[in-house]
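Take a look at the structure set out below.
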Protein chains: 2
Amino acid sequence: MKNSQLYKGSLNTIIMKLLGENGRMYGYEITQKVKEITKGELNITEGALYPALHKLEAEGLLDVEVEKVDNRLRKYYKLTESGQTETVSRLAELEEFIKNMQSIVNPKLSY
Amino acid sequence: MKNSQLYKGSLNTIIMKLLGENGRMYGYEITQKVKEITKGELNITEGALYPALHKLEAEGLLDVEVEKVDNRLRKYYKLTESGQTETVSRLAELEEFIKNMQSIVNPKLSY
DNA sequence: TTTTATGTATAAGAAACTTATGTATATTTG
DNA sequence: CAAATATACATAAGTTTCTTATACATAAAA
């Protein structure tokens, strides 16, 4: 991610949420999707993305299927069952995080 | 911070926002304030806090005043002028970040 | 009297990221 | 047609941020 420090730590959650939503995606597709959703504000770099995907796979949260499309390699990732469970809990954590950050930034609205 | 990865990168912004709001605070006070605001969900550790304060000071964003209260040392920090400017821009970044994360988590609400 | 709270500090290590580089094919543009 | 851009994956070196552990010191509570 080529962005403000704030995005540090949120990459895994972003990946898992997108996979939960779209069934299966390949790496490059994820970067483009995030760029589209955030109107170009968040750009995931390959140096962050691919190691993250590999790690999630190693942890058993993602499955991978390799395919050749237009003579180019694609690695399609999807959530495993435990990945789906984990995604639910990470999204809950994200909501808590956002709520807490909003409490700090906008204390008047927090009660 | 002894929490989910999500908080990585947000500590400086939290510190600066609190200092902007409260005029001046000392380290321990900041940890307690954050704990209070987030109802115990976010606990800033000393190992994260003090190096962060020292770095912000070294960058010219904070000023420090040492005082002895009840025979115990306190280091009061406050924003410098450039610290105030920087706080405004970091809070704007934080709002953008939150907006982007919400677009990802809740795509149906984003248009 | 021992633990907890208050108050600051640093050092070693882990984790996530940036930056740079590498490989390869397909498409677009000048 | 050649060069640049887009598509697609990968890794290695270095930086930053944080966790964990430790250290010192005083005050209050159990």
Side-chain angles (χ1 to χ4, degrees), chain A residues 1-16 24-36 40 42-59 61-62 64-77 90 93-94 97 100-101, chain B residues 1-16 24-36 40-59 61-62 64-77 90 93-94 97 101:
Chain A
M1 285 182 278
K2 195 179 293 167
N3 306 282
S4 93
Q5 298 289 351
L6 294 167
Y7 292 92
K8 284 196 183 226
S10 58
L11 179 57
N12 286 341
T13 305
I14 291 171
I15 291 171
M16 291 169 76
R24 65 172 212 167
M25 299 177 85
Y26 55 99
Y28 187 75
E29 188 184 8
I30 292 172
T31 65
Q32 300 309 301
K33 190 75 181 175
V34 168
K35 201 182 288 184
E36 179 202 323
L42 176 51
N43 291 295
I44 298 176
T45 58
E46 314 97 306
L49 178 68
Y50 293 113
L53 287 171
H54 300 160
K55 201 186 172 205
L56 289 170
E57 192 198 343
E59 288 168 353
L61 301 174
L62 303 186
V64 65
E65 286 164 12
V66 183
E67 282 182 31
K68 208 159 196 176
V69 179
D70 285 333
N71 207 34
R72 269 199 240 91
L73 202 73
R74 280 187 191 170
K75 289 196 170 181
Y76 281 97
Y77 290 91
R90 294 208 191 183
E93 260 182 39
L94 177 58
F97 165 67
N100 282 331
M101 290 306 286
Chain B
M1 286 183 275
K2 195 179 293 168
N3 306 281
S4 91
Q5 298 288 352
L6 294 167
Y7 292 91
K8 279 202 185 226
S10 58
L11 179 57
N12 287 339
T13 305
I14 291 171
I15 291 171
M16 291 169 76
R24 67 172 209 166
M25 300 178 82
Y26 56 99
Y28 187 74
E29 188 183 9
I30 291 173
T31 66
Q32 300 309 300
K33 190 74 181 174
V34 168
K35 200 182 288 186
E36 179 201 322
E41 278 185 37
L42 177 52
N43 292 294
I44 298 176
T45 57
E46 314 97 308
L49 179 68
Y50 294 113
L53 286 171
H54 300 160
K55 200 185 173 204
L56 289 170
E57 191 197 345
E59 289 168 353
L61 300 174
L62 302 187
V64 66
E65 286 165 9
V66 183
E67 283 181 31
K68 208 160 194 175
V69 180
D70 285 335
N71 207 34
R72 269 198 240 93
L73 203 73
R74 280 187 190 171
K75 290 196 170 181
Y76 281 97
Y77 290 92
R90 293 206 191 184
E93 259 183 38
L94 177 57
F97 165 67
M101 290 307 286

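Scope of the values below: all heavy atoms of this structure, side chains included, with no hydrogens, waters or symmetry mates. Naming: A, B, ... by sequence-line order, numbering from 1 per chain.
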Grab the NZ-P distance between B/Lys8 and C/dG13 for me, whole Å please. 17 Å
Atom CG of A/Leu42 and atom P of C/dC17: how far apart are they, to the nearest Å? 10 Å
To the nearest Å, give me how far apart CG (B/Leu11) and P (C/dC17) are. 17 Å
B/Phe97: what forms a ring-ring contact (aromatic ring centres under 6.0 Å, His included) with it, not counting sequence neighbours? A/Tyr7
Would you say A/Lys68 places a side-chain N or O within less than 4.0 Å of OP1 or OP2 belonging to D/dA8? no
Check the phosphate of D/dT16 against B/Lys55, side-chain N and O only, distance under 4.0 Å to OP1 or OP2. Yes or no? no
Name the closest nucleotide to the B/Asn71 side chain, picking from D/dA27, C/dT25, D/dT16. D/dA27
Please enumerate all residues that pass side chain to side chain donor-acceptor pair (under 3.5 Å) together with A/Glu67, with sequence neighbours excluded. A/Arg24
Rounded interatomic separation in angstrom, taking CD1 from A/Ile30 and C1' from D/dC9: 13 Å
Can you measure A/Lys33 atom NZ to D/dT7 atom P for me and round it to whole angstrom units? 15 Å
Only counting residues at least two apart or in another chain, list the ones meeting side-chain contact (heavy atoms from CB on, under 4.5 Å) with B/Thr13. A/Leu6, B/Arg90, B/Leu91, B/Leu94
Please encode protein proximity along nucleotides 6-11 of chain C as a string of B, S and -, counting only heavy-atom distances under 4.0 Å. BSBBB-
Contacts of A/Tyr76 meeting ring-ring contact (aromatic ring centres under 6.0 Å, His included) (sequence neighbours excluded), chain-then-number -> A/Tyr26
Would you mind reading off the distance between B/Glu36 atom CD and C/dA5 atom C1', rounded to a whole angstrom? 17 Å
Between C/dC17 (P) and A/Ile44 (CD1): distance, integer Å: 9 Å
So, taking the atom named NZ in A/Lys8 and the one named OG in B/Ser10, what distance separates them when rounded to the nearest 0.5 Å? 12.5 Å
Going by side-chain contact (heavy atoms from CB on, under 4.5 Å), name the residues that satisfy it together with A/Lys55, two or more places apart in sequence or in a different chain. A/Glu59
